[in-house]
Amino acid sequence: MDGPAPSEVTAAKKALREEAKARRARLAADERRLAAERIAIAGLDFLGPLAPETIVSGFLAIGEEINPGPLLSRLHGKGFRIALPVMAGKGKPLLFRQWQPGAPLKTVVWGIREPDESAPEIEPDVLVVPLLAYDRTGQRLGYGGGFYDRTIRALRARREIVTVGIAFAGQMVDAVPHLDYDERLDWVLTPEGPIRCTR
């Protein structure tokens, strides 16, 4: 028996996206701050020993996203190289530029902040990604632009990477609707601890 039609999956994603945004928006400011602190304390130790030259790409929160800033600052303090994603254009994978806390940023579409062109382009070993919802198999619901799916696919075609979603615990759902081109996460890090995604 065939699965749901792509149009049905797209509609299911849209509905879940709205529901997930509303659920996330109801979180109190204190809960958000504590969540960011707990994620920073956890760090990436659950991945096992990482070489000092490991490149970790994060992101800077917009709207009600969980704030990875404290995590990135802690990782930078431990000697990891930090990168931030840069949009290269509609339908294209993201690029990554080196960044450190306090370095200059420019604001682009949707209020996203990026390093400017003077920052060197680098490729991450560990990719920390935002999400609206996730399930235990590693399926991730983003904002619908497909940027991270394209990026993860392109990176995995070239090299071995580890993908880690960061999220509030309440963003987990039983099953995220998905299509063949949706890329799974390896891990999700929540304030309650890391979850290894099962395939």
Side-chain angles (χ1 to χ4, degrees), residues 36 39-40 42-134 138-167 171 181-190 194 196-197:
I39 280 176
L44 298 178
D45 293 346
F46 59 91
L47 297 179
L50 296 174
E53 65 272 14
T54 297
I55 299 171
V56 179
S57 173
F59 63 96
L60 299 178
I62 58 171
E64 288 102 6
E65 286 178 342
I66 196 163
N67 179 15
L71 171 64
L72 298 180
S73 294
R74 183 171 185 261
L75 295 174
H76 179 261
K78 292 178 74 171
F80 294 106
R81 296 171 68 192
I82 304 299
L84 290 178
V86 174
M87 286 186 290
K90 186 175 180 180
K92 295 182 178 180
L94 299 164
L95 303 175
F96 299 89
R97 293 191 183 277
Q98 190 164 330
W99 178 80
Q100 61 184 24
L105 296 163
K106 64 178 182 180
T107 302
V108 296
V109 67
W110 304 310
I112 294 170
R113 292 166 293 161
E114 300 177 344
D116 63 30
E117 291 77 7
S118 65
E121 192 175 323
I122 55 178
E123 278 200 352
D125 304 297
V126 179
L127 194 60
V128 175
V129 303
L131 53 84
L132 283 167
Y134 68 95
Q139 291 292 349
R140 164 193 171 271
L141 183 71
Y143 293 99
F147 286 101
Y148 275 99
D149 289 310
R150 282 188 292 272
T151 302
I152 292 168
R153 190 177 311 112
L155 288 171
R156 283 176 170 161
R158 293 196 296 272
R159 60 206 299 262
E160 188 174 326
I161 61 164
V162 178
T163 55
V164 181
I166 63 168
Q171 289 177 268
Y181 57 74
D182 291 317
E183 293 287 331
R184 294 176 189 260
L185 299 171
D186 298 307
W187 292 84
V188 176
L189 176 59
T190 77
R196 183 158 202 165
C197 300

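All residue numbers refer to positions in the sequence shown, counting from 1. Atoms considered below: every heavy atom in the structure, side chains included; atoms not considered: hydrogens, waters and symmetry mates.
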All pairs passing ring-ring contact (aromatic ring centres under 6.0 Å, His included) where residues 44-64 contributes a residue, at least two apart: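 Pairs touching residues 44-64 that pass the test: Phe46-Trp187.
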
Pair listing, ring-ring contact (aromatic ring centres under 6.0 Å, His included) test, anchored in residues 100-122, at least two apart: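 Pairs touching residues 100-122 that pass the test: none.
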
Contacts of type side chain to side chain contact (heavy atoms under 4.5 Å, CB included), residue Lys92, not counting sequence neighbours: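 Counting only residues at least two positions away or on another chain, Lys92 forms a side chain to side chain contact (heavy atoms under 4.5 Å, CB included) with Ala88.
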
Point-to-point distance, once rounded to the nearest 0.5 Å, from [atom1] of [X] to [atom2] of [Y]:
{"X": "Gln100", "Y": "Leu75", "atom1": "CD", "atom2": "CG", "result": "14.0 Å"}
{"X": "Ile66", "Y": "Thr190", "atom1": "CD1", "atom2": "OG1", "result": "8.0 Å"}
{"X": "Leu60", "Y": "Ile62", "atom1": "CG", "atom2": "CD1", "result": "10.0 Å"}
{"X": "Leu50", "Y": "Lys78", "atom1": "CG", "atom2": "NZ", "result": "8.5 Å"}
{"X": "Asp182", "Y": "Leu141", "atom1": "CG", "atom2": "CG", "result": "8.5 Å"}

Salt bridge (charged side-chain N to carboxylate O under 4.0 Å, His left out): pairs with one or both residues in residues 68-77, sequence neighbours excluded: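 Counting only pairs at least two positions apart or across chains, no salt bridge (charged side-chain N to carboxylate O under 4.0 Å, His left out) contact touches residues 68-77.
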
Pair listing, salt bridge (charged side-chain N to carboxylate O under 4.0 Å, His left out) test, anchored in residues 94-112, at least two apart: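 Every salt bridge (charged side-chain N to carboxylate O under 4.0 Å, His left out) pair that includes a residue of residues 94-112, provided the two are not neighbours, is Lys106-Glu117.
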
Within the 4.5 Å heavy-atom criterion, are [X] and [Y] side-chain neighbours or not?
{"X": "Leu189", "Y": "Pro194", "answer": "yes"}
{"X": "Val86", "Y": "Pro115", "answer": "yes"}
{"X": "Ile39", "Y": "Pro70", "answer": "no"}

Extract all donor-acceptor atom pairs below 3.5 Å that involve side chains of residues 153-162 and protein atoms in other chains or at least two apart in sequence.
residue	atom	partner	partner atom	Å
Arg153	NE	Glu183	OE2	3.2
Arg153	NH2	Tyr181	O	2.3
Arg156	NH1	Glu183	OE1	2.9
Arg156	NH1	Arg184	O	3.1
Arg156	NH2	Thr163	OG1	3.2
Arg156	NH2	Arg184	O	2.9
Arg158	NE	Glu123	OE2	3.1
Arg158	NH2	Glu123	OE2	2.4
Arg159	NH1	Pro124	O	2.5
Arg159	NH2	Asp125	OD1	2.9

Pairing residues for Arg81 by the side chain to side chain donor-acceptor pair (under 3.5 Å) criterion, not counting sequence neighbours: Gln98

By side chain to side chain donor-acceptor pair (under 3.5 Å) - contacts of Asp149 (at least two apart):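 In terms of side chain to side chain donor-acceptor pair (under 3.5 Å), with neighbours along the sequence ignored, Asp149 is linked to no residue.
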
Main-chain N/O of Met87 paired to Glu114 side chain as donor or acceptor, under 3.5 Å: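 Confirmed, Glu114 side chain pairs with Met87 backbone.
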
Residues that Asp116 engages under salt bridge (charged side-chain N to carboxylate O under 4.0 Å, His left out), provided they are two or more places apart: none

Within 45° cone of Tyr148 ring axis and under 6.0 Å: Arg150 NZ or CZ: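 No, Arg150 does not lie over the aromatic ring of Tyr148.
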
Donor-acceptor pairs are to be reported for all side-chain atoms of residues 127-134 against protein atoms at under 3.5 Å, with residues two or more places apart or in another chain.
none

Summary of side-chain hydrogen bond (donor to acceptor under 3.5 Å, both in side chains) pairs that have at least one residue in residues 48-67, sequence neighbours excluded: Glu65-Tyr143

Distance-minimising heavy-atom pair for Ala83 and Ile55: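 Nearest pair, atom of Ala83 first, then Ile55: CB-CG2, 4.2 Å.
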
